[in-house]
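Notes for the one structure printed next.
Residue numbers run from 1 in the order of the sequence given. The basis for the numbers below is simple: all heavy atoms, side chains too, and nothing from hydrogens, waters or symmetry mates.
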Amino acid sequence: MWVRRKTIIVNFSVEEANKGVGQYQPALLTLYNPEAIARYYSYRPWLAWGRLLRIIFSFAGFILSLKWDEWQDKVEQNKGKRAIQLRELLTRLGPTFIKVGQALSTRPDLIRKDFLEELIKLQDQLPPFDNAIAYKIIETELDRPIHESFSELSPSPVAAASLGQVYRGRLISGEEVAVKVQRPNLRPTLTRDLYLLRWGASWVAPWLPLNLGHDLTLIVDEFGTKLFEEIDYINEGRNAEKFASNFRNDPQVKVPGIYWRYTNTHVLTLEWIDGFKLTDTKRIREAGLDPEAIIQIGVTSGLQQLLEHGFFHADPHPGNLFAVPDGRMAYIDFGMMDQLEETTKETLVDALVHLVNKDYTDLAEDFVKLGFLTPDTNICPIVPALEAVLGNAIGKNVKDFNFKTITDEFSELMYEYPFRVPAKFALIIRSLVTQEGIALSLNPDFKIVEVGYPYIARRLLTGESPALRRRLLNVLFKDGKFQWQRLENLIAIARTDNNFDVLPTAQMGFQFLISEEGKFLRRQLVLALTEDDRLHTEDVQRLWNLVKDDIKPDRLLNVAIGILTDLSREGAAAILPKTTFLAPFAGNQSTNKK
């Protein structure tokens, strides 16, 4: 990787900041440091007062306009005007508030339609900054004139976003590229806004019911951390390459390549992507693409990010996702990413399975593990509350589940029980509801579990790792008893996933069954089949009726031969019962050997 830096940027530690190192510390920070920022403004409060008053008066004026429309009975007449007013207000307030608007633009459940249509424009229809400044930034960052890097570069940006703007160009070597240039003087603006948001959060939190405001400042800090990462384009380039590596074997996901020779902290040059925004249903259909298929790719890849790779795109608004003419879905803008620990990924799988299976006691324990409840919380009174609220949200059918309903219903629990939102999960929730919001804009009847749960079921049934196999056992057994109905449900749901193939899954299941790791399952299956002193052949018959249409005789024979070939003598001995009638032969064999 070739990177040449001309601008010197340093990051002060908290100790250095407390000693007063540097006059303009917030503008020089490369990493978000709330203590250093707070100390800076505590000695210079007048720098923040003007900004605070501007924010307050801007929103107060907007709210008064809405109330005035109500008083004059002109809400319908002026709704388009107020939507434009809100978009322009957020735009004037700058990058931090534009980011807030982008998040709201994906929430049709929270924002009325006329506002939504205007807020969507915040994704890539913002006022650009001066081209001369942008070109100067490119030359300074790359330390060479424009013509030495690009044979073509659009005279004006093709898109302008909250933190930068994008030019379409062509390298001297011929590759078509997108050149992303950061807005000038971002750090001073961001640090001041984040300071005010954090200050406001500390004042508002105590007035919110119970733990609704718990760790509100930590959520602001998480947002600030990601915002600072997002304005480091070298970091974004690394994120893009890591994301591409995770999906290197997925033919349905496209990630643009990075041109490191033409990339620096404030300029990012990447492969140009031709495609359609996911909200542009008309153009997607005109290109011969199926919006439903694109939705499925988006939801499945989103679940893969969270539950397989643990490295997820935390800002998947429609301006960052494209349907490519060849049927793939392309991700761009990898500034805001996050990494989950392995235990968190596993617990998320547990929580989803427990939720769908309505195991509310286990679900409450999952909430403790994930940090939504403290370890010393008595979950006994919470379990019936979860059942009452989430039971209604899920409904009688698993397909009725969606995040919009869950978040609406779950908010009721925040008023009565000690739930809190861990800072890291604020980004996860945002990512999930954003993806669901995009899907709802393509299909108002979309249910995320129609795509998501088959993926979970397939993952559990294929058991690609010991952790997933343990989770499958947890699903299939309750109170020490094998749950035939759950296995039926898993297979039935998994079969709705086009990527699920019963036969290889059955082969993997049998190989696991005869392995040392499957000893417990072998014993429990025998007990389940002979429970209550009778053979449960009807359960096995129902399973066979469920999968028999997918199992062709020739494929079944090939799989059987493969299993027999792989089955070692020791493996066979492990699953065959020890008998005494062979003892004489064993004795004779020993004698003969002597």
Is there a donor-acceptor contact under 3.5 Å from the side chain of [X] to the main chain of [Y]?
X	Y	result
Arg170	Gly174	yes
Asn239	Phe334	yes
Ser245	Glu241	no
Asn33	Ala36	yes
Thr263	Thr269	yes
Asp232	Ile234	yes
Arg87	Arg82	no
Glu139	Pro145	no

Item to complete: Take atom CD of Glu341 as the centre, draw a 6.0 Å sphere, and report whether it contains more than 12 heavy atoms from other residues, nucleotides or ligands.
Response: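 Counting other residues, nucleotides and ligands, CD of Glu341 stays at 12 neighbours or fewer.
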For [X] and [Y], which heavy atoms make the closest approach, and how far apart are they?
X	Y	result
Gly237	Ile258	O-CG1, 3.9 Å
Leu278	Ile284	O-CD1, 3.8 Å
Gly327	Ile294	O-CD1, 3.8 Å
Asn235	Gly335	ND2-O, 4.4 Å
Leu119	Gly101	CB-O, 4.1 Å
Ile273	Ala330	CG2-CB, 3.8 Å

Please identify each residue that fulfils ring pair (Phe, Tyr, Trp, His ring centres under 6.0 Å) with [X], with sequence neighbours left out.
X	result
Phe311	none
Tyr259	none
Phe129	none
Tyr195	Tyr41

Between [Y] and [X], is there a side-chain heavy-atom distance shorter than 4.5 Å?
X	Y	value
Leu171	Ser151	no
Ile297	Asp250	no
Gln252	Met329	no
Glu236	Asp333	yes
Arg168	Glu152	no
Phe150	Ile138	yes
Phe247	Gln304	yes
Ile231	Gln182	yes

How long is the span from the [atom1] atom in [X] to the [atom2] atom in [Y], to the nearest 0.5 Å?
X	Y	atom1	atom2	result
Leu373	Phe367	CG	CZ	7.5 Å
Thr225	Met336	OG1	CE	10.0 Å
Thr189	Leu93	OG1	CG	11.5 Å
Thr281	Leu289	OG1	CG	11.5 Å
Leu340	Glu346	CG	CD	11.5 Å
Lys121	Glu88	NZ	CD	9.5 Å

Discussion item. For Leu163 and Glu230: C-alpha separation, side-chain torsions, deciding distance, then whether side-chain contact (heavy atoms from CB on, under 4.5 Å) applies.
Written reply: CA-CA 8 Å; Leu163 305 180; Glu230 195 170 359; 3.6 Å; yes
Item to complete: From the options Asn131, Val179, Val158, select the one residue that forms a side chain to side chain contact (heavy atoms under 4.5 Å, CB included) with Gln165.
Response: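 One option only clears the test, and that one is Asn131.
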Practice prompt. I would like to know whether Asp221 and Tyr32 meet side-chain hydrogen bond (donor to acceptor under 3.5 Å, both in side chains); could you show each step before the answer?
Written response: CA-CA 8 Å; Asp221 288 344; Tyr32 174 67; 2.8 Å; yes
Item to complete: Check the pair Arg238, Trp260 against side-chain contact (heavy atoms from CB on, under 4.5 Å), reporting the backbone distance first and the verdict last.
Response: CA-CA 10 Å; Arg238 294 193 190 107; Trp260 285 109; 4.0 Å; yes
Practice prompt. Scan residues 166-189 for pairs that pass ring-ring contact (aromatic ring centres under 6.0 Å, His included), counting only residues two or more places apart or in two chains.
Written response: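 Listed once each, the pairs are Tyr135-Tyr167.
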Worksheet entry | Full working for side-chain contact (heavy atoms from CB on, under 4.5 Å) between Lys226 and Asp338 | CA-CA 8 Å; Lys226 295 306 168 187; Asp338 209 348; 3.4 Å; yes
Worksheet item: Under 30°, 30 to 60°, or over 60°: which ring-plane class applies to Phe62 and Phe115, parallel, tilted or perpendicular?
Response: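 Correct class here is tilted.
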Worksheet item: Taking the inter-plane angle between the rings of His313 and Phe243 on a 0 to 90° scale, is it parallel (under 30°), tilted (30 to 60°) or perpendicular (over 60°)?
Response: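 Rings of His313 and Phe243: perpendicular, over 60°.
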Fill in: side-chain hydrogen bond (donor to acceptor under 3.5 Å, both in side chains) against Glu117, all qualifying residues, sequence neighbours excluded
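None.
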Worksheet item: Is the closest basic N to carboxylate O distance between Glu286 and Arg283 below 4.0 Å?
Response: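 Looking at Arg283 together with Glu286, the answer is no, because their closest N to O distance does not fall below 4.0 Å.
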Discussion item. Using the rule given for side-chain hydrogen bond (donor to acceptor under 3.5 Å, both in side chains), can you reason through Tyr331 versus Gln305, listing the C-alpha separation, both sets of side-chain angles and the distance that settles it, and then say yes or no?
Written reply: CA-CA 12 Å; Tyr331 283 85; Gln305 292 169 50; 3.0 Å; yes
Practice prompt. Report the C-alpha separation of Phe228 and Leu31 in whole Å, then their side-chain angles, then the decisive distance to 0.1 Å, and conclude whether the side-chain contact (heavy atoms from CB on, under 4.5 Å) test is met.
Written response: CA-CA 6 Å; Phe228 266 68; Leu31 301 176; 5.6 Å; no
